2 protein chains.
Amino acid sequence: MRRMTARPANAHQARLLRALRDSGPNSRAQLGDETELSRSKLAVEVDRLLETGLVVADGLAASRGGRRSHNIRLAPGLRFLGVDIGATSVDVAVTNAELEILGHLTHPMDVREGPVAVFEQVLNMVQKLRDSGVADGFDGAGIGVPGPVRFPEGVPVAPPIMPGWDGFPVREALSQELGCPVMVDNDVNLMAMGEQQAGVARSVRDFFCVKIGTGIGCGVVVGGVVHRGMTGSAGDIGHIQVDPEGRQCACGNRGCLEAHFSGAALARDAEAAAREDRSVELAGRLEAAGRLSAADVAAAAAAGDGVALDLIQEGGARTGQVIAGLVSFFNPGLVVIGGGVTGLGHHLLASIRTQVYRRSLPLATGNLPIVPAELGPAAGVTGAVRLISDHLFSPA
Amino acid sequence: MRRMTARPANAHQARLLRALRDSGPNSRAQLGDETELSRSKLAVEVDRLLETGLVVADGLAASRGGRRSHNIRLAPGLRFLGVDIGATSVDVAVTNAELEILGHLTHPMDVREGPVAVFEQVLNMVQKLRDSGVADGFDGAGIGVPGPVRFPEGVPVAPPIMPGWDGFPVREALSQELGCPVMVDNDVNLMAMGEQQAGVARSVRDFFCVKIGTGIGCGVVVGGVVHRGMTGSAGDIGHIQVDPEGRQCACGNRGCLEAHFSGAALARDAEAAAREDRSVELAGRLEAAGRLSAADVAAAAAAGDGVALDLIQEGGARTGQVIAGLVSFFNPGLVVIGGGVTGLGHHLLASIRTQVYRRSLPLATGNLPIVPAELGPAAGVTGAVRLISDHLFSPA
DNA sequence: CGTACTTCTTCCTGTTACGGGACAAAGACG
DNA sequence: CGTCTTTGTCCCGTAACAGGAAGAAGTACG
């Protein structure tokens, strides 16, 4: 299949492409309404896009009362690849240019095995997707890694949980493998972009997105744009202090949020409770599985286990405490809670909400929804394809 | 004097005006270099600006090796007014279009006396400045108030420390009085803009500016633009919790930063120490003045008083603790510390730095200057005139 | 002092972008 | 079948714009 070589030649074409991406196939007339381009200009630019093959005609549009219009859509053969490397798993997905997921694979994998092993796994999964027929080649790829990234170069910098990745040229390597443009970002930023593209944050311009997985991170969106900070480490809230006399954290400090609540901390606490026989429910699960995870705590809580509920409640309170501070500082229009522990569901959310609404000023919380993420495991890969398509659908 | 009626007609003119504002009188050639406009375009736009009277010719520029150029400068008669209403004082300043302060008055005043009284005071001071001859009328005014503002309307909303101001049409009222455009913002945001315009933050695009005065607030600048948040309360960090079992705060919660450290809290603590005879130095000052302020603590610390130093050290640690969290979240390129208590000087700064560098990740703090504000009492008014000039020097 | 070279400004022209009117095409509606 | 609406195309006048040419006003140097 011929791959996308052309790029929008100007800002107008870029706007048209994004409009087509976000609202699907569209008639010229509707496009004109949306982008507020004059008819002549629209005709010229659409014709050029048709020439380059980025968009194609696609049957007739529904009539709006007069002559029927021909639909325009992004070339149906375009394919984007989204890769989400988590601490303990890898997600790979293929989408069309409208960012609809055509194929999605997940594989458990420890990121600490290093970039070479992980890349091998990713390329394996990509091959599987190729074999399944959803894609031949790719026009662009986005990839997220669980640590800070020097964004312009697409290189992880000083990632705490993934030694061996520091300085590894992720962008360059993947681009070489796939033969297409690649963009790299923090996995949490991608989650935020995913929710902004296709999830709960679709119409919000200032929000943040807390991801509670193995660790805790936070994607910050200001004016519709991801805020990455000076060194790409914005949103790194896992090591904010929640208790001066709190637990020792791997980072060397005391009382970090992550030490008190995260997928890893929760599992540890649950196992401790099980061993100390404080919870029959958890003890049984530990017996059965040999170890516990956040999912076990969720299940125990759903079964009414008091200890599990307490763990969730306290974790939510800790998280809420931090979020309350950030809400005061940032005054967002929405807070999204996502990540592996979203299985903890309503209990966690309620606990967070209580804390935030109690601790932040009414002016900031008055109209502040705190909601669970909508996309689940697809958020990361959706954000990844959004990232690369934003890049490609922008004027050169 | 004829007042500015014209506004830049397009983005190019706006850019030219801002360039002239920020780098002073300039030759056409240099302007061309700075704004990267073609000679023809530059000539046309400059001519139009000359016609409208916004800029004037101003003698010959220094030669750069060939024919000398005529200088262009912003009309010397343009006058902006900056008003900074603090919790306990009012600042009023007049600047020219290059935002150089031509006259500056300060007057102690309790904002709780309400908008009518404060406005009367402000207008009084304005009249004094007028009488001194630095200005006749004004082409625009910026005004800062110590509380959240609904920015587009220029109206304070639910300000905790200034009851009676809620909903008062500050913008409308001042505009009526002065007969010129007015913009209103939070005083802390203005301080940040001031430091960005003429202080330490001149070349930084992402930073925040912590103002420790009667209360504590924080101006957040993202990509060179002040971030005001959804309801205009961004940066309201005074009520972030620093100690779950901490002091009771006026807001109803426990352990707010402001309850533990701020101009007001510091004075209270110092008086307590004086009464309990823990510090001879402070007791003496209390005796002399009848009450203590942050300045007294600063003086006592300078004299080597241990209690005063401890107070500063602990306050700095509390503040640093909060800032550390915000640094992790936001990853700024600079942190500015300002406000009334900057008199506390190096001790405070050192204490804050220690805490931030210890508690935030190296990636975020590695190249993070934490510096005192440069402009002192002029920051607010400078930010205010910057605000209005940004507004006026933008395409209609 | 004169000549060569720079820099700066103005004038001019060809190109491109753009908006909107006129008109044709295609369907909706009665 | 006729009329109305919507859509797409063509076309033209206007404005924006870049860059060349030439003149004005300096400097550098013999």
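Lettering of chains follows the sequences in order, A, B, ..., and the numbering in each one begins at 1. Every value quoted in this text rests on a predicted model; they were computed, and no experiment measured them.
- Listed by first and then second residue, the salt bridge (charged side-chain N to carboxylate O under 4.0 Å, His left out) pairs involving residues 22-31 of chain A are A:Arg28-A:Asp47 (not counting sequence neighbours).
- Separating the CG atom of B:Asp47 from the C1' atom of C:dT10 is a distance of 10 Å, rounded to the nearest angstrom.
- Scanning for side-chain hydrogen bond (donor to acceptor under 3.5 Å, both in side chains) contacts around A:His104 gives A:Asp91, with sequence neighbours left out.
- Between A:His227 and B:Phe330, the ring planes are parallel. Angles under 30° get that label, and only those over 60° would be called perpendicular.
- In this structure, CD of A:Glu45 is placed 14 Å from P of C:dT16, rounded to the nearest angstrom.
- Across the interface with DNA chain C, nearest-nucleotide mapping of A:Arg48 and B:His70 shows B:His70 to be the residue nearer the 5′ end.
- The stretch residues 197-208 of chain B participates, sequence neighbours left out, in these salt bridge (charged side-chain N to carboxylate O under 4.0 Å, His left out) pairs: B:Arg202-B:Glu374.
- If you measure from atom CG of A:Leu42 to atom P of C:dA17, you get 16 Å, rounded to the nearest angstrom.
- Within residues 14-40 of chain A, the residues approaching DNA chain D are A:Arg28, A:Ala29, A:Arg39, by heavy-atom distance under 4.0 Å.
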Can you give me the N/O atom pairs linking the protein to nucleotides 28-30 of chain C at distances under 3.5 Å, or say none if there are none?
from	atom 1	to	atom 2	distance (Å)
C:dA28	O4'	A:Gly65	O	3.4

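- Taking A:Arg171 as the reference, nothing meets the salt bridge (Lys or Arg N to Asp or Glu O under 4.0 Å) condition, with sequence neighbours excluded.
- Scored by the side chain to side chain contact (heavy atoms under 4.5 Å, CB included) test, A:Ser38 finds A:Ser40, A:Lys41 as partners (sequence neighbours excluded).
- Counting to the nearest Å, the C1' atom of D:dT7 and the CD1 atom of A:Ile72 are 12 Å from each other.
- For residues 379-396 of chain B, every residue pair satisfying the salt bridge (charged side-chain N to carboxylate O under 4.0 Å, His left out) rule, not counting sequence neighbours, is listed here: B:Arg18-B:Asp390, B:Arg21-B:Asp390, B:Arg386-B:Asp390.
- Taking the side chain to side chain contact (heavy atoms under 4.5 Å, CB included) definition, one finds that B:Val226 meets it with B:Asn189, B:Met193, B:Val221, B:Arg228, sequence neighbours left out.
- Between the CG atom of B:Leu60 and the C1' atom of C:dC8 there is a distance of 12 Å, given to the nearest Å.
- Within a 6.0 Å sphere centred on NE2 of A:His70, other residues, nucleotides and ligands contribute 12 heavy atoms or fewer.
- The side chain to side chain contact (heavy atoms under 4.5 Å, CB included) search around A:Val44 returns A:Arg48, not counting sequence neighbours.
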I'd like a table of atom pairs between the protein and nucleotides 1-3 of chain D - only N or O on both sides, under 3.5 Å - with the distance next to each one.
none

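- Applying the side chain to side chain contact (heavy atoms under 4.5 Å, CB included) rule to B:Arg130 yields the partners B:Val126, B:Gln127, B:Phe138; only residues at least two apart in sequence or on another chain are considered.
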